[in-house]
Amino acid sequence: MTEYNRKSSFNNRKKNFNQKTEGKISSLNCLSNEIFYEIFNYLESCEVYYAFNNLNHRFEQLLKSLSIMLNINSDNLQSKKYIPNILKRILNFNQGQIIVIYLDMSLSIKEYVSFDSSFNRLHSLYLHNCQSDILIPFLTNLSCLSSLSSLTLDSSDQSIDLTDIYQIILTLPTLKKYTLLANGPTFSSLLPIANINQKLSTIEQIDIRNHCNFNDCLSIMSYTPQLSHLIYIQPNPIDFNIEINSSISPSKLTHLYIRISDMKFDIFEKFISKIPSKLKVLSFTTESEDINYLDANRWKRFLLKYYPQLEEFYLRYHTTHYDNFDSEKRNKFLSLFWIERRWIFEVKMGYKHILYSIKPYKNRWYDVLPNGIFPSSSILKKSSHLTLMNIHSKQWRNIKYILTLTQIHHLAIPVEKIFIGTLMVIVNSLPELVSLQLHSLSFEQPDDIDDEDFYGFFKKQSTSKIKKVYVEKIDHKGEIAFLSTLCPLMECCRIISFENSTDMKSYYL
């Protein structure tokens with residue numbers, strides 16, 4: 001049950017209970033078991049046992065039916081002196097009730113945890129600060145846990161040999177989800193590719209972060225024929241050389257999330273070619289200076305070749321350079337291939353980086369269609385979106401390079417107090433804009449703009465095609481008059497805060 005649902009459910013029951021029993025409650029025993037279970041959801045299991053153990057027979061029975069989640073960390077053990085004794089009691093006498101354990105491996109864990117088959121309901125185990133001297137024996141002992149379906153390891157110990165770790169993890173009999181966050185440990189040798197005679201893993205979801213190169217990742221995948229979700233994140237420099245010649249065939253892989261820095265498109269394509277599958281969702285993020293990532297036709301050929309059945313595609317390409325693109329590549333992300341799939345092109349210009357992204361279409365503030373209903377192709381052809389996070393002139397003047405790649409139809413500037421003269425220049429540089437989203441406006445002349453430039457802003461009559469405007473904050477009616485002049489075709493102006501009033505208003509002109 002989510003936190004919101006728990007609170008809502010509990011509040012409703014509390015209200016009904018108060019109405020029915022007002023003036024009648026004389027002790028805790030008058031409360032129903034259901035209310036106690038709701039209360040227990042908000043407390044750590046050790047605190048529940050400390051507060052309610054040995055009160056009476058009823059609470060003893062309640063505690064015996066409780067599903068226990070333990071958080072064993074140094075903060076708990078040192079800040080609350082009663083916690084160690086309660087932990088030992090639970091781990092010795094209530095093993096069959098424990099479903100989740102968060103364990104700090106830097107502690108003297110043998111004093112608290114020694115797994116055996118009596119932990120028959122434990123389904124999730126989170127091990128943090130893993131140390132090489134105790135991790136291997138500890139993991140070997142996990143094979144006795146008949147319900148363990150989720151395992152998370154977190155370590156920065158450089159002496160850990162990941163080859164040994166994976167050889168154990170891939171043999172755990174009931175494991176479905178595995179996460180390894182390792183910033184330091186490495187593989188002593190490459191895992192051999194699994195063969196058809198080996199007993200393979202039951203893992204369906206893998207989250208690999210900070211420790212694998214391509215060969216390691218492909219080797220691991222060869223042991224997981226049930227794999228449906230793979231997250232592969234590697235922000236550190238790695239060897240991009242792919243030594244594995246054979247393709248891996250994870251026939252059930254449907255969701256693939258990759259984030260790697262400084263990788264060329266050619267390398268990415270070679271890696272992906274090793275894992276053909278029936279993907280439904282592909283998400284790829286990189287920081288690179290390879291302009292090929294913005295070649296819409298190349299992406300089209302790539303996706304049709306390897307993933308023609310793809311339903312959702314996410315690209316996040318971070319770069320620091322602005323480039324002039326060939327005219328033949330302009331607006332290709334607005335072509336029929338992308339429009340039919342409703343994959344939308346967006347650009348975000350920050351202080352140092354530019355983020356180019358592609359993502360499935362979702363309704364925005366300027367859409368009038370109900371959720372689940374998509375706009376026509378003619379509207380989707382005018383869906384490219386630009387966000388300006390920095391309005392320093394040296395930055396926003398680089399919009400001209402963006403326009404060599406794509407036309408911009410929607411503009412968002414979340415910066416507070418943008419000078420109206422700057423806004424006019426930006427809007428006039430984007431002739432195809434149909435919507436404008438702002439935080440707030442300023443009529444004060446910035447120090448870096450002289451009087452001649454200031455008055456020059458207002459000499460040219462606006463030819464903007466903007467029809468919809470969204471403003472977070474309007475301080476006075478003169479700002480609305482300015483927006484009407486800037487956007488002569490404006491049909492709707494949505495204001496969230498008007499003259500310090502927080503009642504949202506929409507003005508239809």
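Along the sequence shown, residues are numbered consecutively beginning with 1.
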Evaluate K359 against E346 for salt bridge (charged side-chain N to carboxylate O under 4.0 Å, His left out), listing each step before the verdict. CA-CA 8 Å; K359 61 181 69 174; E346 299 183 0; 3.6 Å; yes
Identify the two heavy atoms, one from [X] and one from [Y], that lie closest to each other, and give their separation to 0.1 Å.
X    : Y    : answer
L170 : S201 : O-CB, 3.4 Å
I203 : I206 : CG2-CG1, 3.4 Å
D323 : T404 : O-OG1, 3.6 Å
L230 : L227 : CB-CD2, 4.2 Å
L172 : S143 : CD2-N, 3.9 Å
D216 : H211 : OD2-O, 4.4 Å

Side chain to side chain contact (heavy atoms under 4.5 Å, CB included) assessment of N53 paired with R89: CA-CA 11 Å; N53 189 36; R89 174 183 173 83; 3.2 Å; yes
Any heavy-atom pair between the side chains of [Y] and [X] that's under 4.5 Å?
X    : Y    : value
T285 : H318 : yes
I258 : I260 : yes
F187 : C212 : yes
N398 : M349 : yes
N141 : F115 : yes
L181 : L153 : no
N54  : E60  : yes
I208 : I231 : no

Quick one: do R298 and E269 make a salt bridge, cutoff under 4.0 Å?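 Looking at R298 and E269, the cut-off is met.
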Run the salt-bridge test on K280 and E312 with the 4.0 Å N-O cut-off and return the result as yes or no.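 Salt bridge between K280 and E312, a charged N being under 4.0 Å from a carboxylate O: no.
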When the aromatic ring centroids of [X] and [Y] are compared, is their separation below 6.0 Å?
X    : Y    : value
F93  : Y49  : no
F313 : W299 : yes
Y257 : Y314 : no
F284 : Y317 : no

How far does [atom1] of [X] sit from [atom2] of [Y], to the nearest 0.5 angstrom?
X    : Y    : atom1 : atom2 : value
I165 : L135 : CD1   : CG    : 4.0 Å
I413 : M389 : CD1   : CE    : 11.0 Å
L200 : S222 : CG    : OG    : 8.0 Å
K300 : D295 : NZ    : CG    : 11.5 Å
K274 : N215 : NZ    : CG    : 9.5 Å
I379 : Y366 : CD1   : OH    : 11.0 Å

Do [X] and [Y] get their side chains close enough for a donor-acceptor pair, meaning under 3.5 Å?
X    : Y    : value
S435 : R364 : no
E287 : S261 : no
H353 : T320 : no
Y293 : T319 : no
Q226 : K252 : yes
D157 : S159 : yes
T286 : S288 : no
N292 : D290 : yes

Just checking [X]: does its [atom1] atom have more than 12 heavy atoms from other residues, nucleotides or ligands closer to it than 6.0 angstrom?
X    : atom1 : answer
Y401 : OH    : no
Q198 : CD    : yes
R330 : CZ    : yes

Mind checking what makes side-chain hydrogen bond (donor to acceptor under 3.5 Å, both in side chains) contact with S384, not counting sequence neighbours?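 side-chain hydrogen bond (donor to acceptor under 3.5 Å, both in side chains) list for S384, sorted by chain: H409.
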Parallel, tilted or perpendicular: rings of [Y] and [X] (30°, 60°):
X    : Y    : answer
F52  : F59  : tilted
Y126 : H128 : parallel
F271 : Y232 : tilted
W365 : Y470 : tilted

Whether the side chain of [X] engages the backbone of [Y] through a donor-acceptor N/O pair (distance < 3.5 Å, no angle test) should be reported.
X    : Y    : result
N331 : Q407 : yes
Q95  : L91  : yes
T387 : K348 : no
T174 : L148 : yes
S45  : M69  : yes
H123 : I98  : no

Cation-pi check, R342 to F374: give yes when NZ or CZ is under 6.0 Å from the six-membered ring centre and within 45° of the ring axis, no otherwise.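 The answer is yes, since R342 meets both limits relative to F374.
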Quick one: side-chain contact (heavy atoms from CB on, under 4.5 Å) partners of R341, sequence neighbours excluded?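 Only L304, F337, W343 meet the side-chain contact (heavy atoms from CB on, under 4.5 Å) criterion with R341.
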Give the C-alpha distance, both sets of side-chain angles, the deciding distance and a yes or no for side chain to side chain contact (heavy atoms under 4.5 Å, CB included) between F325 and I291. CA-CA 9 Å; F325 295 88; I291 199 173; 3.4 Å; yes
After noting the C-alpha distance and the side-chain angles of K199 and T171, does the key distance pass the side chain to side chain contact (heavy atoms under 4.5 Å, CB included) rule? CA-CA 8 Å; K199 183 178 180 180; T171 62; over 6 Å; no
Show your working on side chain to side chain donor-acceptor pair (under 3.5 Å) between S65 and Y37 and close with a plain yes or no. CA-CA 10 Å; S65 63; Y37 286 129; 2.5 Å; yes
Run the side chain to side chain donor-acceptor pair (under 3.5 Å) check on R259 and S283 step by step: do they pass? CA-CA 8 Å; R259 188 171 79 211; S283 176; over 6 Å; no
Test side chain to side chain contact (heavy atoms under 4.5 Å, CB included) on L127 and L139 and set out the steps. CA-CA 10 Å; L127 306 179; L139 292 178; 4.2 Å; yes
